[in-house]
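Numbered from 1 within each chain, the chains take letters A, B, ... in sequence-line order.
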There are 2 protein chains.
Amino acid sequence: MAQYTFRTRSSDCPYELAIGLVSGRWKPRLLEVLKDETLRYGDLKERLKPVSDKVLSAALDDMTRNGLISRTAFAEIPPRVEYALTPQGESLLEALGPLRDWARTENGR
Amino acid sequence: MAQYTFRTRSSDCPYELAIGLVSGRWKPRLLEVLKDETLRYGDLKERLKPVSDKVLSAALDDMTRNGLISRTAFAEIPPRVEYALTPQGESLLEALGPLRDWARTENGR
DNA sequence: CAGGATCCAATGAGATACTG
DNA sequence: CAGTATCTCATTGGATCCTG
């Protein structure tokens with residue numbers, strides 16, 4: 001994974017780097033729903049319920065460029081595109097586990 | 001810890017909740033520098049080098065309201081204010097550990 | 001010393017409409 | 001089906017100046 005881009009780079013801070021990769025309203029959920037499952041654009045859109053096309057495709061694009069998600073387009077009509085987690089995406093999701101647990105505990109969920 | 005506020009709340013997602021607490025350019029670092037140490041405003045400003053007053057005080061305020069940081073003001077002249085991690089702040093920092101490690105590994109640092 | 005007040009630029013998110 | 005194009009609005013980060 002070569003380069004991450006940030007508006008204001010001070011990414012000598014690893015926290016910031018990792019957080020930057022998943023901050024955005026839909027990114028953590030994208031990782032989650034893609035766990036163990038390859039999904040098409042329409043599936044993702046349905047699972048993330050009220051997301052707009054623009055925001056979803058931007059998030060997918062971001063995460064694809066950052067190597068967290070793989071994108072496979074089939075040359076068919078109608079078009080079909082499948083998204084899945086890459087190994088990096090999977091390990092990032094795992095690394096997020098403690099954070100999720102913390103939130104659940106502190107928030108009493 | 002009662003309530004977190006988000007622009008667009010869909011915080012039925014724990015990831016999003018925890019990430020929201022530490023997204024912001026300086027927040028992860030604030031947690032880090034306050035580990036094991038109580039610091040004054042000026043100390044923090046120095047350690048976070050090129051941060052502006054507005055952004056630093058906003059971050060401190062945020063995190064204080066969210067119960068991650070404690071703020072103690074002394075009624076003296078000149079004013080003195082000390083910041084420290086709360087237990088929640090400490091446990092959040094720990095929960096961020098795997099994320100930091102992930103970033104270091106994936107980024108080869 | 002520890003900030004609040006103000007102003008600005010850049011980014012993020014959403015709604016809607018349109019297309020190969 | 002899987003997006004892109006446009007537009008709008010809210011939030012973020014930063015610079016600068018000011019103050020109890």
Side-chain angles (χ1 to χ4, degrees), chain A residues 4-11 13 15-17 19-30 33-34 38-66 69-84, chain B residues 4-11 13 16 19-30 33-34 38-66 69-84:
Chain A
Y4 304 108
T5 43
F6 291 98
R7 45 212 163 186
T8 45
R9 57 177 60 256
S10 83
S11 306
C13 175
Y15 292 109
E16 201 188 323
L17 191 152
I19 288 170
L21 290 178
V22 289
S23 59
R25 178 164 179 195
W26 306 102
K27 292 184 184 175
R29 298 183 87 101
L30 270 175
V33 301
L34 282 176
T38 293
L39 293 173
R40 302 180 55 176
Y41 183 87
D43 299 326
L44 290 171
K45 184 167 173 161
E46 197 182 337
R47 275 177 178 73
L48 269 53
K49 274 262 183 73
V51 67
S52 72
D53 282 320
K54 178 202 165 184
V55 176
L56 175 56
S57 54
L60 285 170
D61 194 45
D62 250 47
M63 298 174 79
T64 300
R65 279 187 295 99
N66 287 330
I69 288 182
S70 67
R71 185 196 130 110
T72 313
F74 297 86
E76 305 172 356
I77 290 177
R80 178 162 60 106
V81 182
E82 293 187 344
Y83 294 93
Chain B
Y4 303 106
T5 42
F6 291 98
R7 45 217 163 180
T8 45
R9 57 177 60 256
S10 82
S11 306
C13 175
E16 203 186 324
I19 288 168
L21 290 178
V22 289
S23 60
R25 177 164 178 195
W26 307 100
K27 293 184 182 174
R29 297 182 89 100
L30 271 176
V33 300
L34 283 176
T38 293
L39 293 174
R40 301 181 55 177
Y41 183 88
D43 298 327
L44 290 171
K45 186 168 172 160
E46 197 180 337
R47 276 178 179 70
L48 269 54
K49 276 264 181 74
V51 67
S52 71
D53 282 320
K54 178 202 166 183
V55 175
L56 176 57
S57 55
L60 286 169
D61 194 47
D62 250 48
M63 298 173 78
T64 300
R65 281 187 295 96
N66 288 331
I69 288 181
S70 68
R71 185 196 130 111
T72 313
F74 298 86
E76 305 173 356
I77 290 177
R80 178 162 60 105
V81 182
E82 294 187 344
Y83 295 92

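Between the side chain of Asn66(B) and the backbone N or O of Asp62(B) there is at least one donor-acceptor pair closer than 3.5 Å.
The salt bridge (charged side-chain N to carboxylate O under 4.0 Å, His left out) pairs that include a residue from residues 49-60 of chain B are Lys45(B)-Asp53(B), where partners are two or more places apart or lie in different chains.
Applying the salt bridge (charged side-chain N to carboxylate O under 4.0 Å, His left out) rule to Arg71(A) yields no partners; only residues at least two apart in sequence or on another chain are considered. Glu46(A) is linked by a salt bridge (charged side-chain N to carboxylate O under 4.0 Å, His left out) to nothing, counting only residues two or more places apart in sequence or in another chain.
Between Ser23(B) atom OG and Tyr15(A) atom OH the span is 15.5 Å, to the nearest 0.5 Å. Annotation: the span from Leu48(A) atom CG to Lys27(A) atom NZ amounts to 13.0 Å, rounded to 0.5 Å. The distance from atom OH of Tyr41(A) to atom CD of Glu82(A), rounded to the nearest 0.5 Å, is 15.5 Å.
Nearest heavy atoms, Thr64(A) versus Leu60(A): OG1-O, 2.6 Å.
Note on the helix from dC1(C)-dG20(D) to dG20(C)-dC1(D): terminal axis deviation equals 50°, with five pairs used at each end and the result rounded to 10°.
Within the structure, every side-chain polar atom (N or O) of Arg25(B) is placed at least 4.0 Å from both OP1 and OP2 of dT12(D).
Of the residues in residues 43-58 of chain B, those lying under 4.0 Å from DNA chain C by heavy-atom distance are Asp53(B), Lys54(B), Ser57(B). Residues from residues 69-83 of chain A that place a heavy atom under 4.0 Å from any atom of DNA chain D, listed by number: Arg71(A), Pro78(A), Pro79(A), Arg80(A), Val81(A), Tyr83(A).
Between Asp61(A) atom CG and dG12(C) atom P there is a gap of 13 Å when expressed in whole angstrom units. What separates CZ of Arg29(B) from P of dG13(D) is a distance of 14 Å, to the nearest Å. Here the P atom of nucleotide dG3(C) and the CG atom of Leu39(B) are 13 Å apart, to the nearest Å. Protein atom CG of Asp62(B) is 12 Å distant from nucleotide atom P of dG4(C), rounded to whole Å. Distance CH2 (Trp26(A)) to C1' (dT11(C)): 18 Å, rounded to an integer number of Å. The distance from atom CD1 of Ile19(B) to atom P of dT12(D) is 15 Å, rounded to the nearest whole Å.
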Decide side chain to side chain contact (heavy atoms under 4.5 Å, CB included) for Val55(A) and Trp26(A); before the verdict, give the C-alpha distance in whole Å, the side-chain angles of both, and the deciding distance to 0.1 Å. CA-CA 8 Å; Val55(A) 176; Trp26(A) 306 102; 3.3 Å; yes
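For the side chain to side chain contact (heavy atoms under 4.5 Å, CB included) criterion with Tyr83(B), the lone passing option out of Thr72(B), Leu44(B), Leu30(B), Leu39(B) is Leu44(B).
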